Amino acid sequence: MKKSLTKIIIMTFRGLIYGTALQVFFLSMMLAKGSEAQNIQSVRDATISIDLKDANLKDCFIEIEKQTDYRFSYDHYLIDTSIKINYKSKKKSVSDLLLLISKKADLKFRQVNNNINVQKLENPEQERNIEIIIQGITITGKVTSVEDKSGLPGVNVIVKGTSQGTVTDVEGNYSLNVPDENSILVFSSVGFIKEEVAVGNQTVIDFTLSPDITALEEIVVVGYSTVKKRDLTGSISSISGAELSKTGSTTIAQAIQGRTSGVLITKKSGRPGAGLSVRIRGVGGINNSEPLYVVDGIYGGSLIGINPDEIQSVEILKDASSAAIYGARGANGVVLITTKRGKAGAMKVTYNGSIGFQNMINTGNVKMLNATQYGEVQNTMYRNDGLPEPFGGDPSLPSDLFPAPSQLGEGTDWLDVIFRQNAPIQNHLLSFSGGSENHTAFVSISYLGQEGLAIESGSSRLNFRVNTDHKINKWLKVGNSTSFGSSIVTGTDRTDHKYGQFFRTSIAEPTIPIFNEDGTLAGPPDPFYGPSRTPYATAVSSDPANKSFGLSNNLYADIKPWDFLTFRTSFQNSYHASANTGYTNNIYEEGIVSGADVNVSGNNTISTDWTWTNVLKFNKMFGDHSVNALVGYERRHGSWNGINGSSKYLDPSYQVVGSGAAETSSFGQSRGEESMISYFASANYNYKEKYYITGNVRHDGSSRFGENNRFGTFPSFSVAWRLSGENFIPDFFSDLKIRASYGQVGNDKIGNYRYIAPMANVFYSFSGQNGAFESGMVTRGLANTDLKWETSTQKDFGIDMAFMDDKLRFVADYFITDISDMLLGKTIPVTSGIGSLAWGRYVSVITNVGSLTNSGFEFEGSYDNSVGDFSYRIHANLTTYNNVVTDLGENEYLSGTAGEVRNRTYVDGGLGDFYGYVSEGIFQSQAELDAANALNTEAPYQTNETVPGDFRFKDLNGDGVITDEDRQVIGSPIPDFTFGFGFDFGYKGFNLSALFYGNKGNQIYNSHRSEIEQQGRSMNKATTVLDAWHGEGTSNTIPIRRVQDLNNNFRTSSAYLEDGSFFRLQNIVLSYDLPVSFAKIQVFTSGDNLLTLTKYSGFNPEISITQDGDYSGGNRLDSGVDAGYYPSTSIYRFGVNVTF
Amino acid sequence: MKNINKSLILLIVALSFGGCNDEEFLTAEYYQGVVDVNFLTSPAHAKPAVTGVYDVMSYKGTNWDKMILGSSGADDVVEQHGDANWASLIAIDQYRWVPEEQGDPKHIWKYWQAYYAGIQRANLVLEKLPDLEGLNETLKKRYIAEVKALRAYYYYNLVIAYGDVPLILNSMGYEDAINIIRSPEADVWAQIITDLNEANVDLPDSYESPEDAGRVTKGMTNALLNQVYLWQKSWAKAEEFAKKVIDSPAGYELEANYADLFNGVSQNSKEAIFFGMRAAGAEVQSIWSDYIDETNYVVLWGPFASWSWFYQPDTNFVRHNTYIDPNDIRIDTVTYDVDHELYDLNNDGDPTNDPIWKAPPGNIHLMKWIPVNTDLSTGIIWSGGYGDINQMMIRLSEVYLDYAEALVQQGRAAEALTYINRIRERAQASDITTTDKNQLLDIILMERKVEFCFEGKRFFDLKRVGRLQEFLGPLGWKDHMVNYPIPQEEIDLTQMEQNPGY
């Protein structure tokens, strides 16, 4: 496996912070048993079964030597051959026999380890006794890390087969007595591969340890505390920073994708700065289902903006028993991110850097027509409608603009013009770690720069982090985690929905040049969209940028009056500022310019947030009973204030909002606050690490809800039983544990102020004079003071198994999540007077109604081993999804909110099921069409305009006419299962790892294909339309070209629903550790997204369940629609990691 | 010493777990204006609260949709052409009121929505304003009177269109809303009369400031009471209130030039008793928008639709009706013969590229509410620069006809003639001389049709006098259509039941 620098750091820090404390604790208990418990047995303990009849002394000794490890040493003169021994014993101690001999032969015995000295008893009156001296060899040495040769503190050094051992000091030094040269020392430390060495004739044994990425999970961070992984009773996925770091990925979410079960991460867009969506356990509910992120104890934020190389570990709390400690905010799971901290010792400097190149994936899947083909297809269209062919066939059209297709040539390949190849991406991180025994610090600075695939787009990010810890005295420790980040995203297209940059580029007419002959930008490509610009003109004449800055800080103090009690008070605050500017210069040489030419917009928002957390932790063993408990109290307050404005100018010199020259300007401000108060408690108990019980409870009050329901209580319980601790379980299980948990968590992600109804401003003119208005105040909505959180009740049953000395591990879980009191808008009858008059629409009031169930299985397995210099690890995971809506209140169904609704959510159906007509292929002949039209005497089957070559939809209700009633649920955007698997191979300095990821069983509505295969419209089309129906039997999938789509062929139907299953090589990394001694240097090359196997015909099958339909503003109910999103990218990287 | 340290630590721990006032901490302040719970708690809210009740007079529901239900649903407008974009309008015209009236723009629904929005706003004010402290008592009384008058006007429009409608007099929550049922028509009429009588006491005859021209007056309440009593066939009462308007100290008088009522020349005419006020706002919404923006820029959709070959005058009536005196200027004033193609919406010099809006020569378009001096040859009418002409919802000429009808019904035909002929004189038509009761009632009905053509009154006039079958039957009207259907969506969302026959 790859041994990167960061891995070392992570391992080391992990060992330091968690390992030392716990290991010292457990070791001291072991050592307390004393040194007599060696594998060298006392003669009093060693037993023999013997039957001696008139045996002489020598025979006695030989017989004992036969049955034990003892060797007798004696002078032959001592052996009085006249003495005969008669002795019969079964399983009696050796000392019994020796004492008998002592009496009969006046000998005395002295045991030194396995040697038994025989001597003359000087005084026969002396009490017969056996002196037992069991002593060993003193071994000293130093344990160092294999990667940077620094001393490793806190390493366990144990004599194999015994509980005798010690722990290395801060420099990694140890000293230990071993019984003899046959002893074997076992070195182990959290995060490192456990290794053994034979003592032999050595007295100084220096040893190096290698990090073990598979054994990381020994300590995991849970809410407000840590726990040994083997003691977990809930379901938590833990991923080490080392594992993330070695992928070479620049975002955490991408590095996690496919790596663990139960966590579904989708990235639909390769646009710089585009987010990923993270879903934990199923698909969540109707409302925002992103998990809660907690970074170093600081709430909020997302995974964007943290460099994976800064991460020590990521823990994903999946079930309610884990997440309940986060109460009203834990319903969608919790992602805890812990960044690295300083380590005592000499300063260590680490540099991780990579440069990479991004390319659009699956470009071969969709090809657009060139100009000649475009002209031909347009002509076909008009010809089919009996109209003159526009290109070369219609004398009324100017022949210079409408030449024969063959004269159009290739034309402009707009996708090629706008989307570049090998767009660079670079990532650098420089970190410093070090400190004295009492003061440690970790400092890092990182930069990520990425150019977008589209011209004139890109993003960059700068992060700075300082984490320090200070031990003030025996009972007080203080420290901080501070980070600053800034990012800039530029580019025309900050949206990924339909009519975004990618979609518009793909449909731009190839007949339009980029520039006119005089060098000016060419005119609008598409009268369909009205006055417009070419994709190129759009990209170069606008200059939008999003800038954001964030500062977050966590100060803590740990007070430890007694060993078993810790009080931590911590204060977190964060500031986030964003500034967006937009500038669009409407330059175009042809077409109509209506209104102003230049649009300028800007908005600035500053949000501040503080949280004060106080936790009292109790941790004590009572014999075999272990008790961990905590109680805590937390207050959180957030506020934001933003202003925004936009102006339109005639003159492009004006590039700011609100100048006096503005044609129009508008301004706005947003301001608000929210607060939360929480009380929580947690208790874990185990007996002999066999029987576990855990309980959590959190009582939350939130300003987001109405006065009547501000407070909610969220309990959870879990139990576990380590079967492998029981005698009746065979030894081939090195671990076997079963778990069960139950808990409730809440979802408060509905935004603020939803329980009050703001009054709206209206205007009326009493004078009737133009411009003379008086403002009026009216109710726009209904308040719901009973509004409360969505509740998620979760049950989890799990089993943890390990075999072959933990080399083979397996974890399985079954979960059921019932989401109830879903926050859903209920339509208010306008008879009540509430409704949007301006839009002539209904409005809704947010209420708690409806429920759904997510359930599924999760499996994770791994196998680690090494053969000589070759080490390997293989791992795999799989998650199944079952999503059933169980209640929607009075709603028969729910549909999405934006644009063309393609999904409907019904009770007993899944969230966002596709809903539409069922395509039966294409009417191949007039006879077939006539037969269909004859089915109903009153109306045509589809329309009067339907012709052979049009789609035929299925008459579901059998009335012979296709109407709205002939629609049904035609598919689901939710996969049956998702899976990931990967391997790590290490040989000497080389390491190769790969991760594969995929999903199966979901459908995608390929709205993009439907658009680029449509009839009519002067937009460009996909080359697939060259094979459009043009006579019986020519096509059953692409309808006839016509000027107008009179059959409505492109209504939402199964014709554009495709299998969304895919299998992808997510990440592959090859690295090599340079054999140099002055530093640890590793070079690597990695690739993301290099291979995708799928039947899906679009650019990227990674649409899945969490996307928002054709338009922005869609919600969970408009899922799985590929609207022609900005393409996903493959990335090749080359990098180096250096530590010295 | 060590113990003291530990005690101190425990004290800190204990203190840390104590808290300040949780409820106070959890109350998030709302910065973006007044919210429901503190609405009308300050005297500063009073005026905007009342303005909000007037505001519904600037939406399509109370204007355009009123015109559709009253004129397309009757014989003012019988020619509807066009495509699916106007299917719901054509459905009204062709008496397919259910279920064809499903697609946007849902005229029956919007009419219902707008008036109930006004009622909700009025209810909230009437609930809270009386208890508001710090407001001048006289002003408070006047505000309450204005709101009651408006509530009555809104209920009046609902009850004449739908029959039994829910009588809602308080603000309601979601649970109340979904349990709404219809109330007997008589209860609604009774409430209208109560509101108008109460309002009448505190309303002025007129306002001193022209800034208040659009506010309701005693004239409005009296005129509406007169009409309410006509519906009740209480002729003496109707006469009484009509006379109060005629004799009002406000000094209502007929506008000398009939055309000036609609062409913007006399915006705040002395003939007006109740306005739907129109004023072009700062933000001009495109005429193509599907809605009227709340900034109060009002597009008068009648002329727009008419000039788009929808909502067109009945050619037979406006050109060939024998009742109309050849000298009568009224029809010629408000209609326009199209003799050429006018439109060039995309300014490309070729009107054939605007197929949707192309009406053939020979059609007759509406001229009401089109500003004086509009150049009809250029298409400037479509640019969005019109529609700011104040629309008179009740004007003196209507009260004259109401008064005349009340007199005729009471056998005082001679007296009635004076008022009928005042209107005819302005129209340059010859005087009516007959004193036959039935002839006069026919004449009054015809005068209403001519005088208020396309203004959304015809269906309700015919309904009131019970002559829907006679005039509309030949056009496809059926007996159950005496009331418009309750919007199906509202029936689905509440406990209301549909009118019979739908």
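We name chains A, B, ... by the order of the sequence lines, and we start the count at 1 in each one. As the structure is a prediction and not an experimental result, all values here were calculated from the model.
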Contact origin within [X] toward chain B - heavy atom pairs under 4.5 Å:
X	result
A/Q669	backbone
A/S702	backbone
A/R636	backbone

Side chain from CB out, backbone as N, CA, C, O: work out which of these in [X] comes under 4.5 Å of a heavy atom of chain A, or both, or neither.
X	result
B/P210	backbone
B/Q267	side chain
B/V34	both
B/F39	side chain
B/T27	both
B/E29	both
B/I180	side chain
B/Y115	neither

* To do: Identify whether NZ of Lys or CZ of Arg in A/R704 sits under 6.0 Å from the centre of the six-membered ring of A/Y755 and within 45° of that ring's axis.
  => no
* To do: Please say whether the positively charged group of A/R710, taken as NZ for Lys or CZ for Arg, lies over the ring of A/F705, i.e. under 6.0 angstrom from the six-membered ring centre and within 45 degrees of the axis.
  =>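 The answer is no; the distance or angle limit is not met.
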* Asked: Which heavy-atom pair separates A/V830 from B/Y116 by the least distance, and what is that distance?
  ->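 Residues A/V830 and B/Y116, closest heavy atoms: O-CB, 3.6 Å.
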* **Ring centres under 6.0 angstrom apart (A/F680, A/H699)** =>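 Between A/F680 and A/H699, the centre distance exceeds or equals 6.0 Å.
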* **A/I606 atom CD1: more than 12 heavy-atom contacts under 6.0 Å** =>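 Result for CD1/A/I606: open.
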* To do: Calculate, to the nearest 0.5 Å, the distance between atoms OG and CG belonging to A/S666 and A/N644 respectively.
  =>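 Those atoms lie 7.5 Å apart.
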